[in-house]
Colleague: 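One structure coming up, written as structure tokens, with questions to follow.
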Amino acid sequence: MAHPLHLTISVEVLASEAELSSAEAATWHAARTATNDAYAPYSHFHVGAALLLDDGTLFQGTNQENAAFPSGLCAERTALFGLAASQPQRRIKAMAVAARPATGDFVAVTSCGACRQVMAEYEHRQGNSIPLLLPGPDGSIYRFQSMSDLLPFQFSASDLPPRA
Ligand code: THU
């Protein structure tokens, strides 16, 4: 018998960055600073992502666009792929994202579906939840305890057929 399935996503809404821990605030500000390094000559939308690593350092990503539009990549994925490509042994303790028009103030943003899928897999690969900070409306901050919370019904390796 068909029945409805109601899913719940938990997210904390912080009124402002004053409610962040010092480590979170550093990650948050690194994401904002990273927007200066975006390459977004087509959308004029500068996105920055920051990863707080287990040694306390920060690793940034920025959106990288291309005249062949689909060849570009979001800030979240340049951060995650860049880290995994160069320092695969590093563990991620938190991630933050920031966005603004090329000239203008910071705006709210939520990561695209493709980035959510990648976030979910890197979290799974690491073996523990990774908190995520996203800028919400009116200066608020959405704090997710797990990046996977953004993508219910995500595709995972366990959905693949067994290897022959
Ligand atoms: N973009 C990101 O980098 N991250 C997001 O969360 C949303 C979208 C980029 C992709 C493209 O370079 C530009 O923003 C406009 O979509």
Side-chain angles (χ1 to χ4, degrees), residues 7 9-17 19-20 23-53 57-88 90-126 129-156:
L7 303 177
I9 296 173
S10 293
V11 53
E12 290 171 276
V13 184
L14 314 186
S16 76
E17 57 187 67
E19 294 181 36
L20 295 172
E24 287 172 333
T27 314
W28 177 253
H29 286 288
R32 288 164 76 103
T33 303
T35 60
N36 295 325
D37 297 327
Y39 176 60
Y42 307 104
S43 72
H44 307 290
F45 190 60
H46 286 223
V47 187
L51 303 172
L52 175 66
L53 307 183
T57 60
L58 290 152
F59 188 91
Q60 80 171 38
T62 60
N63 56 330
Q64 296 295 313
E65 298 185 351
N66 193 276
F69 285 8
S71 302
L73 201 63
C74 295
E76 292 90 327
R77 277 177 288 165
T78 64
L80 291 167
F81 290 158
L83 180 73
S86 59
Q87 304 174 60
R90 278 272 162 257
R91 297 182 67 78
I92 303 166
K93 297 187 80 173
M95 182 177 193
V97 181
R100 60 173 175 80
T103 53
D105 213 349
F106 291 100
V107 295
V109 70
T110 47
S111 303
C112 79
C115 286
R116 296 176 194 205
Q117 177 70 33
V118 170
M119 288 174 182
E121 176 139 350
Y122 275 78
E123 193 176 62
H124 182 75
R125 182 183 182 193
Q126 183 165 298
S129 299
I130 301 173
L132 173 67
L133 301 170
L134 293 180
D138 304 319
S140 66
I141 299 172
Y142 290 143
R143 181 164 60 197
F144 296 84
Q145 287 308 321
S146 165
M147 302 198 298
S148 298
D149 288 347
L150 270 76
L151 191 59
F153 298 109
Q154 61 205 231
F155 185 75
S156 79

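In listed order, ligands and their atoms are each counted from 1. From a predicted model like this one, the values you see are computed outputs, not experimental measurements.
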Colleague: Return a yes/no value for S43: is any of its N or O atoms, backbone included, closer than 3.5 angstrom to an N or O of ligand 1?
Modeller: no
Colleague: To which protein heavy atom is atom 6 (O) of ligand 1 closest, and what is the distance rounded to 0.1 Å?
Modeller: E76 OE2, 2.6 Å
Colleague: Tell me if a side-chain donor or acceptor on Q117 pairs with a main-chain N or O of F155 at a distance below 3.5 Å.
Modeller: yes
Colleague: Between E121 and Q154, does a side-chain contact (heavy atoms from CB on, under 4.5 Å) hold up when you go through it step by step?
Modeller: CA-CA 9 Å; E121 176 139 350; Q154 61 205 231; over 6 Å; no
Colleague: Under a 3.5 Å distance rule, please check whether T78 uses its side chain to pair with a backbone N or O of T62 as donor and acceptor.
Modeller: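 Yes, because the side chain of T78 sits within donor-acceptor range (under 3.5 Å) of the backbone of T62.
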Colleague: Of all the non-hydrogen atoms in the protein, which one sits nearest to atom 9 (C) of ligand 1, and at what distance?
Modeller: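 Protein heavy atom with the smallest distance to atom 9 (C) of ligand 1: N63 ND2, 3.6 Å.
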Colleague: Would you say atom 16 (O) of ligand 1 has a protein heavy atom nearer than 4.0 Å?
Modeller: no
Colleague: To which of H46, H44, E65, R77 does the heavy atom nearest atom 12 (O) of ligand 1 belong?
Modeller: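 That would be E65.
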Colleague: Show me which atoms of ligand 1 lie under 4.0 Å from any heavy atom of F45.
Modeller: 14 (O)
Colleague: If you have a sec, work out which protein heavy atom is nearest atom 7 (C) of ligand 1 and how many Å separate them, to one decimal?
Modeller: V109 CG2, 4.2 Å
Colleague: So which heavy atom in the protein is nearest atom 10 (C) of ligand 1, and how far is it from that ligand atom?
Modeller: C74 SG, 3.9 Å
Colleague: Y39: which residues meet the ring-ring contact (aromatic ring centres under 6.0 Å, His included) condition with it, sequence neighbours left out?
Modeller: none
Colleague: Check whether E19 reaches the backbone of L14 with its side chain - one donor and one acceptor, N or O, closer than 3.5 Å.
Modeller: no
Colleague: So does Q126 get a backbone contact from the side chain of R91, meaning a donor-acceptor N/O pair under 3.5 Å?
Modeller: yes
Colleague: So, E123 versus S146: side-chain donor-acceptor pair below 3.5 Å or not?
Modeller: yes
Colleague: Does ligand 1 come near enough to A75 that some N or O of the ligand is less than 3.5 Å from an N or O of the residue?
Modeller: yes
Colleague: Does NZ or CZ of R32 come closer than 6.0 Å to the centre of the six-membered ring of F106, within 45° of the ring's axis?
Modeller: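 Yes; both conditions hold, so R32 lies above the ring face of F106.
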Colleague: Quick one: does ligand 1 sit under 4.0 Å from the side chain of Q64, the backbone, both or neither, non-hydrogen atoms only?
Modeller: neither
Colleague: Quick one: does A40 get within less than 4.0 Å of ligand 1, heavy atoms only?
Modeller: no
